[in-house]
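So the structure is just underneath, and the comments pick up after that.
Proteins come first, then strands; the chains are lettered A, B, ... in the order of their sequence lines, and each starts at number 1. Every value quoted in this text rests on a predicted model; they were computed, and no experiment measured them.
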Amino acid sequence: MAERLSVGSLRVINTSDSSSYPPNPVLQVLTVKELNSNPTSGAPKRYRVVLSDSINYAQSMLSTQLNHLVAENKLAKGAFVQLTQFTVNIMKERKILIVLGLDVLTELGFMEKIGNPAGLETVDSLRQQPQPPVNEGSLNQPSAPANYPANTGSFYGNNSPSTAPAPPPMVKRPSGPNPANGYSTIIYPIEGLSPYQNKWTIRARVTNKSDIKHWHNQRGEGKLFSVNLLDESGEIRATGFNDQVDAFYDILHEGQVYYISRCRVNIAKKQFTNVQNEYELMFERDTEIKKAEDQSAVPVARFSFVSLQEVGNVAKDAVIDVIGVLQSIGPVQQITSRATSRGFDKRDITVVDQTGFEMRITLWGKLAIEFSAPEESVLAFKGVKVNDFQGRSLSMLTSSTMSTDPDIQESHLLKGWYDGQGRGQDFAKHSNNASISSVSGRSAERKTIADVQAEHLGMSETPDYFSLKGTIVYIRKKNVSYPACPAPDCNKKIFDQGGSWRCEKCNKEYDAPQYRYIMTIAVGDHTGQLWLNVFDDVGKIIMHKSADELNDYQENDENAFMNCMAEACYMPYIFQCRAKQDNFKGETRVRYTVTSLSQMNWQEESKKLIDYIQGAN
DNA sequence: CCCCCCCC
């Protein structure tokens, strides 16, 4: 097999101009590793693959459309692959191959590592500047390296040609625009774009075009619009401001394919993106946009569906894609925004899928009013926001899209399932239990108990949020729960009037209270111990039963009660916590409240630890 | 340079 390898090709790619890249190098797969992305973000998995030519090895990232090869165990350790499309990005001083296309040479099977391949020099060592070793974990967030020269022009322009790679050629399309009019005939895949390359043209379909938005704030005012662009490799958002609105807004039409070149490539701000790309484009004065004569061969949509069941495990505020069968259509309603006191039209619909879950999705504005899809249509949503109202619900954003009965495999499968069995089925909701929650879409930062104390979390004006990996070491037996008003969302403590229970808030009498947890638990980790307050939704998870049931035990069956307490103790969890000052008998103290908790995911935790250990070296 | 996306 060794003779099939493109021996020495990786060094050529690492050191030379893209025009000298070996066209279709054959390489051996040394390792395939899943990048530890946030499992609650809804984003697809990313794989890092180490490739060897037997003399050298190199890091690569697999474009997500190749993920299935990993899932099918075709692309695995020891396999041989032939790259058919790739580009080179620079992350943290090191070149990374971005593999956009490859063939697994299955006829060669899997083999032990051939030769004794060595690592390649970092970009900086090629520039005679010794650099510390690369932290592999950094691949997880390839935000453009802050420690990297911001002026990429100087990097590519002023250095010697041997260290200054020009953009790699990708697919040659003789039918593309003529270089004479300023375009390159070389079409780049969107996934290969990066701030370090500026001579490219993409051929992409506009899958979403915003209205023109005007803004004014302290920093100034202006107008903007943005489009989502899609090709077979990936998607990216492009935004035009002010003059570029005038120049390009009317040229770009949703659904059509364009050649686009000479944009600025910026780092996408993670919290604002709803397309899967590290970068985003900004139209500039000399940006060129030209409608493609051939509108075919560019995908119309790209989805990364999360099943309705899985929506329960996605963080609040994540932006995800879902597909489901339309089950019910609510009426158009008018609401008034609390923030702006403006009125909005909305409509709630419910969709179901073969995981047996239903999901409410809120549509807004014109789309809500004009919604006309018949019941039992398949609806595919791209870029909808996850809310945690009553468990889980979804809400469209202006950047979201909805397609009715899209001609994609998932849609046909869903239709088949619905006609076969789904129509008569009952569906589960994501109930109002505590679930993975987060502040602004991310999980709060992990702290040890020693960190929480040393950093004085909760002692400032605003609450602090953190997550904690710990074990329940004690549950206070006093005041485990209180008798609450059974009216939905009241939760007020009610009082036994002798035979009936009175709620002062509702001004009503009830036959029985509904007990709610207000537990105090001690949680320990390897650095200390902390008292945490737990309310009903989290209490139910810890105790595996309702506060009513536990209260019943406490009153009538001491043994059963003690057993429940014992079983709940010494369980490890990841606690999401809020630390907040309050006044108690004239003294200021910090109260720690568990806002939600999740079961230990040992695999994830192990990964975190490995990354932590590697980062420490 | 926006980044709001609303309500129960």
Side-chain angles (χ1 to χ4, degrees), chain A residues 41 143 150 195 208-229 236-249 252 263-285 287 316-321 328 330-350 359-369 371 381-402 429-432 439-442 487-491:
Chain A
S41 69
S143 62
N208 190 23
K209 175 181 160 183
S210 77
D211 293 332
I212 296 172
K213 185 193 166 181
H214 296 261
W215 88 88
H216 36 257
N217 58 29
Q218 307 97 301
R219 282 191 292 272
E221 57 179 75
K223 60 182 174 180
L224 71 111
F225 81 108
S226 59
V227 289
N228 290 353
L229 301 170
I236 195 164
R237 182 168 75 158
T239 303
F241 290 93
N242 303 320
D243 289 352
Q244 280 62 249
V245 176
D246 301 331
F248 301 123
Y249 187 80
L252 290 166
C263 302
R264 190 191 300 186
V265 183
N266 290 327
I267 308 301
K269 289 180 190 140
K270 265 272 151 56
Q271 67 271 35
F272 301 133
T273 58
N274 46 38
V275 298
Q276 309 280 356
N277 202 308
E278 299 296 332
Y279 305 113
E280 60 184 22
L281 301 179
M282 207 172 97
F283 298 141
E284 296 191 294
R285 186 186 296 274
T287 291
K316 170 172 150 53
D317 295 335
V319 175
I320 59 169
D321 304 343
S328 65
V332 176
Q333 299 167 289
Q334 276 76 36
I335 62 106
T336 305
S337 159
R338 250 186 317 209
T340 62
S341 358
R342 281 180 58 201
F344 293 92
D345 297 302
K346 61 161 272 198
R347 186 201 294 270
D348 287 342
I349 61 167
T350 305
M359 183 61 56
R360 192 184 74 167
I361 304 179
T362 304
L363 320 181
W364 297 96
K366 204 167 126 188
L367 193 71
I369 295 169
F371 184 83
F381 291 86
K382 184 170 167 52
V384 290
K385 196 179 84 156
V386 176
N387 287 328
D388 63 356
F389 180 69
Q390 287 175 359
R392 276 287 181 273
S393 63
L394 300 172
S395 181
M396 284 191 82
L397 305 172
T398 52
S399 53
S400 311
T401 54
M402 180 187 81
K429 289 186 170 89
H430 291 291
S431 60
N432 204 7
V439 179
S440 67
R442 281 165 297 234
D489 302 321
C490 176
N491 300 345

Practice task
Under 4.0 Å between any heavy atoms, over every strand shown, what does A/Arg342 touch: base, sugar-phosphate, or nothing? Just pick one.
Solution key: nothing
Exercise for the section: Take atom CZ of A/Arg347 and atom C1' of B/dC5, then tell me their distance rounded to the nearest Å. Expected result: 18 Å
Practice task
Looking at every strand, decide which applies to A/Thr362 at a 4.0 Å heavy-atom threshold: base, sugar-phosphate, or nothing.
Solution key: base
Handout entry: A/Arg264 side chain vs A/Met282 backbone, donor-acceptor pair below 3.5 Å
Key = no
Practice task
Pick base, sugar-phosphate or nothing for A/Ser395, based on heavy-atom distances below 4.0 Å to the nucleic acid.
Solution key: sugar-phosphate
Practice task
Indicate, yes or no, whether a donor-acceptor pair under 3.5 Å links the base of B/dC6 to the side chain of A/Thr340.
Solution key: no
Completion exercise
Taken in chain and number order and not counting sequence neighbours, the residues that satisfy side-chain contact (heavy atoms from CB on, under 4.5 Å) with A/Asp321 are A/Phe303, A/Ser304, A/Phe305, A/Lys382
Problem - Gap between atoms NZ and P, on A/Lys346 and B/dC4 respectively (whole Å) - result: 22 Å
Problem - A/Phe272 side chain, from C-beta outward: closest of B/dC4, B/dC1, B/dC5 - result: B/dC4
Problem - Check: A/Thr362/A/Asp348 side-chain N/O donor and acceptor closer than 3.5 Å - result: yes
Exercise for the section: Could you tell me whether A/Arg360 contacts a base, only the sugar-phosphate backbone, or nothing, with contacts defined as non-hydrogen atoms closer than 4.0 Å? Expected result: base
Completion exercise
Of the candidates B/dC1, B/dC6, B/dC2, the side chain of A/Ile335 sits closest to B/dC6
Handout entry: For atom CG of A/Leu363 and atom C1' of B/dC7, their distance in whole Å
Key = 14 Å
Practice task
Give the rounded distance in Å between these two atoms: CG of A/Asp211 and C1' of B/dC2.
Solution key: 14 Å
Handout entry: Any residue meeting side chain to side chain donor-acceptor pair (under 3.5 Å) with A/Thr336, in chain and number order, not counting sequence neighbours
Key = none
Problem - Any A/Lys385 side-chain nitrogen or oxygen under 4.0 Å from OP1 or OP2 of B/dC6 - result: yes
Completion exercise
Expected list for residues 238-248 of chain A near DNA chain B, using heavy atoms below 4.0 Å, is A/Thr239, A/Phe241, A/Asn242
Completion exercise
Sorted by chain and number, sequence neighbours left out, ring pair (Phe, Tyr, Trp, His ring centres under 6.0 Å) with A/Tyr249 holds for A/Phe225
Practice task
Among the candidates B/dC2, B/dC4, B/dC7, find the nucleotide nearest to the side-chain atoms of A/Trp364.
Solution key: B/dC7
Problem - With A/Phe241 via ring pair (Phe, Tyr, Trp, His ring centres under 6.0 Å) - residues at least two apart - result: A/Trp215
Exercise for the section: Please state how far atom CG in A/Leu367 lies from atom P in B/dC6, giving the value in whole angstrom units. Expected result: 15 Å
Handout entry: Under the side-chain contact (heavy atoms from CB on, under 4.5 Å) test, residues paired with A/Glu221 that sit two or more places apart
Key = A/His216
Exercise for the section: Figure out the CZ/P separation between A/Phe225 and B/dC2, and round it to whole Å. Expected result: 16 Å
Problem - Side-chain heavy atoms of A/Trp364 within contact of A/Asp345, under 4.5 Å - result: no
Exercise for the section: Give one of base, sugar-phosphate or nothing for A/Arg264, where a contact means two heavy atoms less than 4.0 Å apart. Expected result: nothing
Problem - Shortest side-chain distance from A/Met282, nucleotide among B/dC8, B/dC6, B/dC1 - result: B/dC1
Handout entry: Stacking of A/Phe344 on B/dC7 base (centres under 5.5 Å, planes under 30°)
Key = no
